[in-house]
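Proteins get letters first, then strands, A, B, ... in listed order; numbering begins at 1 in each.
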Amino acid sequence: MTFLRLDNIKKTYGDVPVIKGVSFAATKGEFVVFVGPSGCGKSTLLRMIAGLEDVSSGHLYIDEREVTYEEPAKREVSMVFQSYALYPHMSVFENMAFGLRMAKRPEAEIKAQVAEAARILQLEALLERKPRALSGGQRQRVAIGRSIVRHPKLFLFDEPLSNLDAELRSQMRVEIAKLHRSLGATMVYVTHDQVEAMTLADRIVVLRAGLVEQIGTPTELYDKPANTFVAGFIGSPKMNFTNARVASVSGNGLVLEHPSFAGGKLALERPSASGVKAGDTVIVGMRPEHLTVAPAAPVLALTLDFAESLGGSTQLYASGEGDPVIALTSGRPDLKPGDALNLGIDPAHIYLFSAAGLAL
Amino acid sequence: MRASVTQAPAKPNRGYGRWTPLWFLAPSVITLLLIGIYPTLFALVTSFRRYNITRPREGFPFIGFDNYVGVLTDSTFWSSLFLTAKFYVTVLPIQIVLGLAIALLLHKPGMGLLKSLARVTLVVPLATTYAVVGLIGRLIFNLDFGVANQLFEAIGIGRIDWLSSQTGAFAAIAVMDIWQWTPFCALIFLAGLSMVPGEIEEAARLETSSKLALLRYVQLPYLLPGLTAVMILRSADVLKLFDMVFVMTRGGPGSATDLISIYIQRVGFRIFDLGTASAQAILLLIITIIISRLYIRLFYREVH
Ligand SMILES: Nc1ncnc2c1ncn2[C@@H]1O[C@H](COP(=O)(O)OP(=O)(O)O)[C@@H](O)[C@H]1O
Ligand SMILES: [Mg+2]
C-alpha cells in the first residue's frame, strides 16, 4: 500500500529549477534514503515533504491524503535536522514534550511518552539538562526522541549524522536502523554518504541535479546500476571505468579492445548488449573489490603505482594506457611500485555501459 | 631614525608605536570625562550645598542632606515622578506591541525590496532630534490645521483642542513619543528575531501551527535581552525626557505634562535653586540604576 507519494514534484527558486520533476512512492514502514552529491536537491525535496518549502508544481500525498498545500504541523511528520535544532532554553524533557504540549495532550500521557522515548534512547539521566550541556551524540538522540514521542506518520531525517565523528556515526547508524525496526514507521532519510544509504535503506533514491537517476534496493543499485553515475556513486572505493572499443560482435558475445586488457582484448558473453556494433565505444566498469591479484586468467595487465595497506586488506593503485585502476585485495600481496600487476575478474562482475553512460 | 643593524628586533614591528593606541583612545576618553563624568560629579557635589545662583552673596555652603530631605518631602516632586511613571507605563507597552508587530511583519520572508525600504524608514524617527519631534508634534496637534484634527473631523469626532486640554496634551506627547520610539523597538526585536536559528523555527513549525505559540515559546526567549535593553533605555530616557515635551507643552496645561525633567529644569533654571535640582537629578540617577538592575534580574536571559 502506498503511504507516501510524490507526483512529479518540481521546485524552482526564481527561474532556477532545483527539483525538476520527481515522482516516487513508498509503502508503509519502508525506510527510504535519498542519496546524491551535495547540492543535488535532497534537502529541498525533504523540506517540501515536511512542508517547510513550498512546492512549485506537482502533488504530494501522505497516507492517502493530499498534503501539497497543507501546513507543516498538520502533516503529522517529524524531522531530525542536521544541526539537531533543539530548543536551547528548554530542558531535554521539555524539548521532547513540546510537540505533545502543543497538541494539548494530557500531562500524564506526555510524561509517559517522554519517559518511553527516553528509555529507548537511553536519555533518562539527562532529562533535566539543557541542550548546551550535552555532547553531539546526546543532542542527536534528543532530536530523535523529540520526533518519536509524537508518533508521526512519517519520520524525516536530513543528514542527521554528518556532524558526528566517525565512530559515533556508525553507532548512531545502527541505532537508527534498530529504531526503524522496532517502531515499524515509515522513514525518509537524506544523506550524501552512500555507506549510510546502503546500510540503512530498504530502498534508495539516487538523485542528481534535481532528477531521479535510479530507485531500487541497495543490492539492485549495486548489482544493476542504471548508469555510470549510479555505478560510480554506489560502492566504495568507486567503480573503475575504462572506455573500450568494440572490436567485433558475434551472437551473444562481443570482443572489446583496450591496451590495458591482457592481450589487448577482452571477450564477453553479454546478450543484453545486442544493440552494440563493431567500432562503437563502450564503458567497462569493474568494482575494486571484484578484482583479484595474479589470477589464472588475467583480464587487465597493468603496472602498480603504489599500494596502501589497510591492515587486513590492501588497496592497489595501478595504471596502464588508460585511466588509473583501483583494486582492493585481502592480505598483503608482495608487490613493489613499478611491478607488473595482472588483475582478474569474474566476467559476471563486469559492467557494461554505452558511451552515453547507460547500462547495457 | 634607524635601528642599529646588529641589534636583533625583540618583537615584530607592529607598525605603530607604544603610545599610538593612547592617542586613538584619548579623544573619546577626554570627551567622556568632560561631558559625562565631570558634570555628574559636579552635580553630586552641588547637591550637598545650598546653591542658589540668584543669591551668590550667601555663598554656596555645604548643608549635608538638607536638599535631599527637601526633595523627598516635596509633593510636586513626587507628583511629577508619578506622572512620569504614568507616561512610561502608557507609552512603553504600546511601543513594545507595535514594535513587535512591525518586527514580525518585517521578519516574514518575501517582498525583499519593500522590506529593506521599510527598514531604512524606521531609522528616520530615531535620527530626529527631540526638539524637532516636538515641533512636528505641535504641527500635528495644532487646533486649526493639524493633521490629527483633520483625521478626527473626517471620522466625525470633531476637533479637539489637544494642547490646551489636560488629557489632550498628555495624549499628544504620548503619541509623539510612541512615534519616535516604536521604530527603535521594532529594530531591536527584528534583530532578536533574526537570532533565532532557522532550523529551530522550522522544528517548531512542524510541531505547532500556532504563530502565537511559536512567538511565545521559541522566539520570545531570543527577544528577552532586547526587551530588557528597551525597558532600561526607555526608563532612563523617559526620566530625562525634556526637549520634546518642553517644545510641545512646556509642562502644561496646568501640570498635565509636567514630567520630572521639566520640573527639575524649572527648579534649576527658573528658580535657580541648583542645589535642589542637583539633588533631584542624583535621585533620578539612583532610581534609574535601581530600575535597570531590577529589569536585568527579572527579564534578562541569554539563550545559548
Ligand atoms: N533558498 C534558495 N534559493 C535559491 N537556491 C537555493 C535555495 N535553497 C537551495 N537552493 C539551491 O538548490 C540546490 C539544492 O539544494 P539542497 O536541497 O540544499 O541540496 P542538498 O541538500 O542535496 O545538498 C542547491 O544548488 C542550492 O544552491
Ligand atoms: Mg542538504
Original post:
When you measure from the side chain of Glu199(B) to the backbone N and O of Ala85(A), does any donor-acceptor pair fall under 3.5 Å?
Top reply: no
Does Tyr217(B) offer a backbone N or O that forms a donor-acceptor pair with the side chain of His89(A) under 3.5 Å?
yes
Could you tell me whether Arg47(A) and Glu202(B) make a salt bridge, using a distance below 4.0 angstrom between a side-chain N and a carboxylate O?
yes
Would you find more than 12 non-hydrogen atoms of other residues, nucleotides or ligands less than 6.0 Å from Arg293(B) atom CZ?
-> no
Of all heavy-atom pairs linking Ala204(B) and Tyr87(A), the shortest is CA-OH, 3.2 Å
Between Pro88(A) and Ile200(B), the two heavy atoms sitting closest are CD-CD1, 3.7 Å
Assert top hit (heavy-atom pairs under 4.5 Å, partner chain B, pool Pro131(A), Gly99(A), Ala103(A), Pro152(A)) equals Gly99(A)
Honestly, the part of Arg146(A) sitting under 4.5 Å from a heavy atom of chain B is both
Applying a strict 4.5 Å limit to non-hydrogen atoms, the region of Leu86(A) in contact with chain B is backbone
OG (Ser209(B)) and NZ (Lys74(A)) are apart, to the nearest 0.5 Å, by 4.0 Å
Between the CG atom in Leu52(A) and the CG atom in Leu206(B), the distance rounded to the nearest 0.5 Å is 4.5 Å
When the 4.5 angstrom heavy-atom criterion is applied to Pro221(B) and chain A, the contacting part is side chain
Per-residue tally against chain A (heavy atom, under 4.5 Å) across Arg205(B), Glu201(B), Glu207(B) peaks at Glu207(B)
